[in-house]
Amino acid sequence: MTTHRSAAAATTPAAAAPALADLAGLPVHGISLEHSDTVAAEHWLASLSPAPVLAFTHLVRMPRPHVALSLVFAGTTPDFAGTAPTDLGNAPSGLGAAPMGLSSECAEAVAEHRARSSGRAVLYPGVELLVGTLSVAEVLELSAIEKVEILGGGPADPATLIDTGDFVRPQWRSGVLTLITTPAAGGRLVPFETRHPTPCCAAH
Amino acid sequence: MGHGHHHHDHDHSHDAGGAGDVPPALDLSVPDSELSPSDVSRRGFLRSAGLLGAGAAASVLATPSAAAAAGLPHSHGPAGGGTAKGGFRWLAGDHHIHTQHSSDGLYRVIDQAGHGRAFGLDWVVITDHGSNAHAKIGVEKVNPDILATRKELPDLLTFQGLEWNIPAAEHATVFVHPGRHEVAVLKQFEQTFDGSQLPATNTNEQNEAQAIAGIKFLGEQVRRRKVEGALFLANHPARRGIDSPHEIRNWRDADPTIAIGMEGAPGHQAAGIPAPNGRGGARGFYDNNPSAASFQGYPLETYRTWGGFDWMTATVGGLWDSLLSEGRAWWVTVNSDSHVNYLDQSDRGPGSDFEANGRYNDPVYTGKVNTGAGDFWPGFYGRTNVGSTSFSYKAVMDGLRAGRVWVDHGRLIKSLDARVRVAGDRRAATGTPLGGVLHVRRGTATELTLEIDLQDVPNWAQFVPVLSRVDVIVGSVTGPVAERDTFTAPNTKVVKSYEVSPGARKLSVTYQLGRLDKPFYLRLRGTDGKRTQPGLMGAAVDPAGPKLDVIGDADPWGDLWFYTNPIWVLPR
């Protein structure tokens, strides 16, 4: 169990509130490697060096359901644009290979990213500080997350505590980077998305 | 023995074609010029209501023969009847139960059936997962156990079914009437149509088409008399957001005598019991998030339970209502989805080889209490109550197909009799029951009569549940939608709520539905009143609907609801 403010205590206010606007001028890369789910996509993402400053997953249904990514790099962009998908990063066997017929370029992901219409943020300013238990206000202060909502219940009270589970994946909602939460035990909130949801045929 | 509520002297059999059954106004082969003035007017009304014409073919309400084909009663005026509770014998059951023939299961058939019977069920369906091992071995091996259970527990109707991996979608219960070919039909179905048996390279369209073909195959087996009946019900439909609205419509339209509904509430209702006494997870195991296979139009609210119920059913004006307001007969049920049960003290038999044997070895007693399990025994918490004309396999299937079904959690109420009547007609043998369609002349006043016997015996948590409120939910019938991914019904809302007096033994109310102007349906919902919030379509639609269940803190016994299936009122 992590204690409240474990992350926030180490952070000075000056380092806080990184803004998405500061990254607005940088190029957005859309990549589709036909990852079957967000776990596989995030696994591939973790292998990139240098890591992007912004990374979103996008759900694509056609021709087969898969997960694409949109990436923004602060400085050097890894030399993957235009290369064969199998050359990307240090992708583990089976994850980097795209079947024939699917382009590694994903204009759809770029468009969603630019329009802020949909997409789920994996890497964004301040994400590394969102660990342990934090108040809603702290989440807003420490990270690029712009809004915290309760599922089916509107905006969250700034004082309410969120058990982050060290796994915080906000989403674009009407142009606003929004973290959706749900009520949890102890009067707290948890992010809507958990790291390990119940698989479809778990041996439960 | 109950008396059927719609015994007419003409043929209702499914393959009769029914051409002679269609009144002239509904028979589009009869031109307007040959109709009587009143039939012309009636036809115009139906057409403007979207209940007639090309698009209306998808609605079971379009013609009486179509209604009959879907197993819908079509009352000629205030029909119905019998003596007690609409003349039906209400049989409680569960159509979603796993055994040692599922890779995530544990129990023998007799373990599940025996508990289900002891906890008050009249019928159960054994639904092990479709899989390689099940398709090759399990589907046959389970049958002798089911036959033995039928012999051992004659007071319980034990159906054989399976849990279908619907291609491109979630799981579904598929089950058949017992008979010589029950295994052969299920086996052929599973080997041909289960998602686990299809090529991984299939596109979404190919998989969706295969799902439709599977449902049609089942209908064909019934028509060819291989089995006396087969039914499909979508399980935990909103859990992962992958049952899109158009897929649900497509399944139903593939064969409305087979694909009849969905789980209104998922099983796994113990999964939210707080730790350390419980698993501390999400009620129903509804803790997923959108994936690439999900229907992207669904909001995040889809993926959670509300008062223990699936979002499609729990949302007034939501997906279920969008189907009902089209006139699509689509019913809801409640089940255990029992795999491994809360507080049980057994485990899989040692030395099991599921892949080789198609089953785990028989369970063994461990002496350890399993607080981490998320399921209840069949009958322990939820039940699907089916108005049946007799105690028989066929009567249960017929009752399900007709939608004479209400469901509850924790035995919230003892019994329910809801009927829509022509106003003032209180004869015991009249009234259109749940799932039915009352046809009356335009301008005729109708009313709902509702009698609920409040619970007076304890449930399986040893308390007597107290019903606090009953809601009457009404929606206009606006005909088939143009956009098959529609999942809202803007004209459906709670129109009346009845508070139940403390200490009352019975709730007996009449609700005036007014003079028939536009076709409509109604359904009922009740609650212990312990957890409510404004509905997702707003407080004006549903002022006190089911509340979002709390992850890790969802006591299933402290949040009880019942739901009924709808009754339609249409112009004659």
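Naming convention: chains lettered A, B, ... in sequence-line order (proteins, then strands); numbering from 1 in each chain.
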| query | For B:Gln296, is it the side chain, the backbone, both or neither that has a heavy atom under 4.5 Å from a heavy atom of chain A? | reply | side chain

| task | Would you mind checking which part of A:Ile180 comes under 4.5 Å of any heavy atom in chain B, side chain (CB onward), backbone (N, CA, C, O), both or neither? | result | side chain

| query | What part of B:Asn207 lies closer than 4.5 angstrom to a heavy atom of chain A: side chain, backbone, both or neither? | reply | neither

| Any side-chain heavy-atom pair from B:Leu300 and A:Gln171 closer than 4.5 angstrom? | yes

| said: With a 4.5 Å cut-off on side-chain heavy atoms, are A:Leu59 and B:Ser294 touching? | reply: no

| query | Is the closest basic N to carboxylate O distance between A:Arg61 and B:Glu208 below 4.0 Å? | reply | yes

| field | Structural part of B:Ser131 lying under 4.5 Å from a heavy atom of chain A | value | neither

| field | Any side-chain heavy-atom pair of A:Pro65 and B:Asn204 under 4.5 Å | value | yes

| Step by step, would you call B:Asn288 with A:Glu193 a side chain to side chain contact (heavy atoms under 4.5 Å, CB included)? | CA-CA 7 Å; B:Asn288 271 269; A:Glu193 183 178 347; over 6 Å; no

| field | Interface residue of largest heavy-atom contact number with chain A, from B:Asp553, B:Leu536, B:Leu548, under 4.5 Å | value | B:Leu548

| task | Measure B:Glu163 against the heavy atoms of chain A and call it side chain, backbone, both or neither at under 4.5 Å. | result | neither

| request: Heavy-atom distances under 4.5 Å only: say whether B:Glu170 touches chain A with side chain, backbone, both or neither. | output: neither

| field | Closest non-hydrogen atom pair, A:Ala185 against B:Gly552 | value | CB-O, 3.7 Å

| field | Residue part contacting chain A, namely of B:Tyr286, when any heavy atom lies under 4.5 Å | value | neither

| said: Under a 3.5 Å threshold, yes or no: a donor from one side chain and an acceptor from the other, between A:Thr198 and B:Asp287? | reply: yes

| query | Which answer fits B:Pro290, side chain, backbone, both or neither, if we ask what part of it has an atom under 4.5 Å from a heavy atom of chain A? | reply | both

| Pairwise distance CD1(B:Ile551) to CG(A:Leu189) - rounded to 0.5 angstrom | 11.5 Å

| said: Counting only non-hydrogen atoms closer than 4.5 Å, does B:Thr201 touch chain A with its backbone (N, CA, C, O), its side chain (CB onward), both, or neither? | reply: backbone

